[in-house]
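The structure under discussion appears below in the form of structure tokens.
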Amino acid sequence: MTELSPALRAGLARLNAPDPLERLEAIKALELLGDANALPGLAEIFATDPEPEVRERAQKAGKTIYYGALRRRLETHEASDEERRQAAEILARAQARKTQTHDMLKK
Amino acid sequence: MDLDDLARRLGDPDPRARVEALRILAMVEETRALDAVRWVFNHDPEAGVREVAEWAGRLIFTAQQRGYTPEQAMEEIFARPLPTEHQELFLESLAQTDLRFTRHPRTQQYAVDQTYRRRLADVMRGEETPVASELPLLPSTLTASLPSPTSASEPGDLDLLDAGLSRHFWEEIS
């Protein structure tokens, strides 16, 4: 079983806090950590938390962690040439969008 | 934890592990797992697990209907700007960092770029008079190795993206 870091353990524990603001802070912290071991805890919050904002935030954090890991995997030699080509296309589109936004702001 | 891991967990003998995997797949709207989730809904021996599979399947199906894909998910994550409070914290941390001890040249390059952009934004808002000497200086040995805007070996799009820069960066600093 994977050893959880102290920061991760603390963040997961705070997901059970009675205060929704504290749960939101815990979710933000887990997102910044980016550890995939946080996904089960975030998924439980997504499925069961009584606050819609907390559920939405948990989903956003979960997607960031999950698809961030997928992106990293595509960037390593584990990925096939086709996957790397797809990743390059996605990154190029994202960069084009950033550049477009930058141009709009300059006008 | 990737799709393969989650697919394996859908067949775990522990129903709690299967529920956990279904919740994760639903949360990240993993449309590639729709068939597997449907199979769990149709075949799982536990009623509770089938119920979660039905809930997860609905969410993932809805995502699929609106055209959501892992590629779109990654595009959204890359294009998402850093929240304002995170930007401020990051820039403050750079001000406290002695760049001589930051070894990675792209990190230093990014730090200079971000500081420059922040100063420029302040000047344009009329909040600050530009003082070029306040920009963090790179060690002279490093500047010699950085590509110049007119160099033949201009960084590619992926290099720039990794450094958090855009092609306009070279125009702005020239």
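Per chain, numbering begins at 1; letters A, B, ... match sequence-line order. Please read all numbers here as calculations on a predicted model, not as lab measurements.
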Run the salt-bridge test on [X] and [Y] with the 4.0 Å N-O cut-off and return the result as yes or no.
X: B/Arg58; Y: B/Glu54; answer: yes
X: A/Glu51; Y: A/Arg23; answer: no
X: A/Lys28; Y: A/Glu25; answer: yes

B/Gln72, part contacting chain A, at a heavy-atom distance under 4.5 Å: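 For B/Gln72, neither part sits under 4.5 Å from chain A.
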Pick one of side chain, backbone, both or neither for B/Leu59, based on which atoms fall under 4.5 Å of a heavy atom in chain A. side chain
A/Gly62, A/Ala43, A/Ala58: which one forms the most heavy-atom pairs within less than 4.5 Å of chain B?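 It is A/Ala43.
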A/Leu42 versus chain B, the contacting section by heavy-atom distance below 4.5 Å: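 Contact with chain B involves both backbone and side-chain atoms of A/Leu42.
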Under 30°, 30 to 60°, or over 60°: which ring-plane class applies to A/Phe46 and B/Trp55, parallel, tilted or perpendicular?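 Plane angle between 30° and 60°, so tilted.
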